[in-house]
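Let me begin by presenting the structure, written as structure tokens, before commenting on it.
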2 protein chains.
Amino acid sequence: MELTKHDIATPALIVDLPVLERNLVTMAEFARTHGKQLRPHMKTHKCVPLARRQIELGAVGLCSATVPEMEVLVTSGISNVLLTSPLTSPGKIAHVATLAERCSTLMVAVDHPKQVEMYGDAMTSGARDLGVMIDLDVGDHRTGLLPGKPALELARLVADTPGLRLRGLQAYSGSSSHVEGFAQRRNHSLKVMARAIETRDLLETNGLSVPILSGGSTGTYNIDGELEGLTELQVGSYVFMDLDYQRTGGRDGSVYEDFQPALTVLTTVVSANHRSHVTLDAGVKAFATDQPFAPQARHVQGVTYEFFGDEFGRLRLDEPDREIRLGDRLEFVVPHCDPTVNLYEQMYVCRGERVEHIWPIMNRSAAVRLEASG
Amino acid sequence: MELTKHDIATPALIVDLPVLERNLVTMAEFARTHGKQLRPHMKTHKCVPLARRQIELGAVGLCSATVPEMEVLVTSGISNVLLTSPLTSPGKIAHVATLAERCSTLMVAVDHPKQVEMYGDAMTSGARDLGVMIDLDVGDHRTGLLPGKPALELARLVADTPGLRLRGLQAYSGSSSHVEGFAQRRNHSLKVMARAIETRDLLETNGLSVPILSGGSTGTYNIDGELEGLTELQVGSYVFMDLDYQRTGGRDGSVYEDFQPALTVLTTVVSANHRSHVTLDAGVKAFATDQPFAPQARHVQGVTYEFFGDEFGRLRLDEPDREIRLGDRLEFVVPHCDPTVNLYEQMYVCRGERVEHIWPIMNRSAAVRLEASG
């Protein structure tokens, strides 16, 4: 049976396939023409078919934010995976080690000697090494340790630990990625990334091999991507884009348009008893609410979405350019893609009105497995 | 194998079983001593074992916010279910009708003649009737139609539609439930509920039978629960409580303490390279962000949680009353229970450190089934 958007029960996550494909190709071509590896982030889409398409288009591997993301990728045949988050739980570290003993291309990020020790202790078989990246704090103060000497010391510890193999440096700057205005963003990113490149030089001067310097983001891909020292781009949101990134501004204007919004939430008008507004079946459970701006209606002007509880949205009919009636279906571009995807089990991948694929989104349960079972 | 909290991979949803049990019993006893039926809301917990416990303790049935919630309850043997959200999608209405033809105790809420017509058209077999509640807009302007004459007209339409049976009125006031200060909340609720009671009288004067008047919330259970006209309480959050409800104030003080927080998120310190703060593995994907206040640490004072991206939280070490180290595990009371539960696949139900149950939370996929398949 051929499915159309009309057949989808709302609220539902919709992907515009031609736009997605254009975004994927644009980034892949940028990486290729700039001599960079592409390592997109699983955390954005949590979707194996999408990861496979990224690999088909030339990505060297994927980033994962969690152990379950890494496991799902590995068991799907995508084995070149970097776990970008430092871990400190024995169960999770043991689980990564189990995966790494079956798969020589896994890498993890560390920012503390204790983590190095734990990973080293877990890699007991001696059959394979676990790749390790030193996570640099280039300004976010979120994870990572300071560039320069602290990083050198941790890198030495990794190099001296049996079972571990130093692969390079991770320098992710979340604070660069969302600086408004391209020139300002460029200045910010070049400044923070300079410290990562100096650190790589420091390690190499000290006889350590640093084949990988991984960094960048959707906001800085064409800034960091021009840095000679960077070897690979850790980009995520470019696949879907969102209102948050659009507002940061592009190289040529006030809207960031290198990539186009491919992700929407489809909703239905379930109550329409007022002149001023209608009520939609998509609220706090249907859109991530971490941004200070609201979902934006597609294909209709002069309306404003407001959250209206867990299950509902209020669509203010300011000056609507067409009649909005009970039962109407409306699509909204999302404020922030990653945590919105995280609210759904599947995405309906559409070409126009036709549903071409239903792609599963990784189970939440994977994220809460027991420590005891690894 | 006996599991403890220590075995749980973070971030994870934890339920304190003795506190939960006390909350459940407190509400059940209130309803019993006040001669009201209890119809708790599935949307809060999306958890069948918890719904079963509510029934064991005397609840007449459950409320559901979505068709999948209704279906999960019915297939689990809980057949007295009220779907509180008006529907307008033919596929969903057909699906409810299919359930209703197997189960005589289902009820739906309507707020528009079109919905009545659609439900009537869907109830074709004649074997059973679908119970219908008139959804009153008592001030939220979210769903429902105006009390008084508009409600009377819609009730008459229901009564005259074959396949449907008028069961009563639904009067939910979300705006009452969160009024700060008990006296103010009481005034607000009594005022809006008076219109619902008048409407019930109007329907009965006009020869319509109104056995049920369903309303109330965790914020107003002991206000609406004393109204003579109300027959049943639609309460949700009391099972878990959250910071949002605590702040509304109780009958006897500035903190609403009739029910105690039973729900926390367990996190781990994954990076600790700063004096000012540590980084936790729980961010926007681990806590709902729809409230303007932050998760609150348990068992440690002098620290402040701040969101730090999708995967991380920053714990500011203002004046911590104990040392917080890499690998430490911390629990946080959640700002808003319903949408936080919605982020997880399961809850770890604990007595002290011991995990007594792992209760599944309804799959998200159930919420995005195809229209075409019902």
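Residue numbers begin at 1 in each chain, while the letters A, B, ... track the order of the sequences.
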Checking B:Asp137, B:Asp111, B:Thr143 against A:Ser271 for side-chain hydrogen bond (donor to acceptor under 3.5 Å, both in side chains), the one that qualifies is B:Asp111
Candidates A:Thr84, A:Thr66, A:Asp338 - the one meeting side-chain contact (heavy atoms from CB on, under 4.5 Å) with B:Glu311: A:Thr66
Quick check on the interface: out of A:Lys43, A:Arg314, A:His112, who has the most heavy-atom pairs with chain B under 4.5 Å? A:Lys43
Rounded distance (nearest 0.5 Å) linking atom CG of A:Asp310 with atom OG of B:Ser237: 8.0 Å
Quick one: are A:Asn273 and B:His141 in side-chain contact, heavy atoms under 4.5 Å? no
Is the shortest side-chain heavy-atom distance between A:Lys92 and B:Thr10 below 4.5 Å? yes
Most contacts with chain A, counted as non-hydrogen pairs under 4.5 angstrom, among B:Leu87, B:Asp328, B:Thr88: B:Thr88
Please classify the contact of B:Ala65 with chain A as side chain, backbone, both or neither, using a heavy-atom distance under 4.5 Å. side chain
Between B:Leu343 and A:Asn342, is there a side-chain heavy-atom distance shorter than 4.5 Å? yes
Any heavy-atom pair between the side chains of B:Val270 and A:Gln115 that's under 4.5 Å? no
Going by heavy atoms in the side chains, are B:Thr289 and A:Gln291 under 4.5 Å from each other? no
In this structure, CG of B:Asp140 is separated from CZ of A:Phe312 (nearest 0.5 Å) by 10.5 Å
So which part of B:Lys285 gets closer than 4.5 Å to some heavy atom of chain A, the side chain, the backbone, both or neither? both
Is it the backbone or the side chain of A:Val355 that comes under 4.5 Å from a heavy atom of chain B, or both, or neither? neither
Which one, A:Pro150, A:Gly309, A:Pro360, A:Pro339, leads in non-hydrogen pairs under 4.5 Å with chain B? A:Pro339
Among residues 275-283 of chain A, those lying within the under-4.5 Å heavy-atom range of chain B are A:His277, A:Thr279, A:Asp281
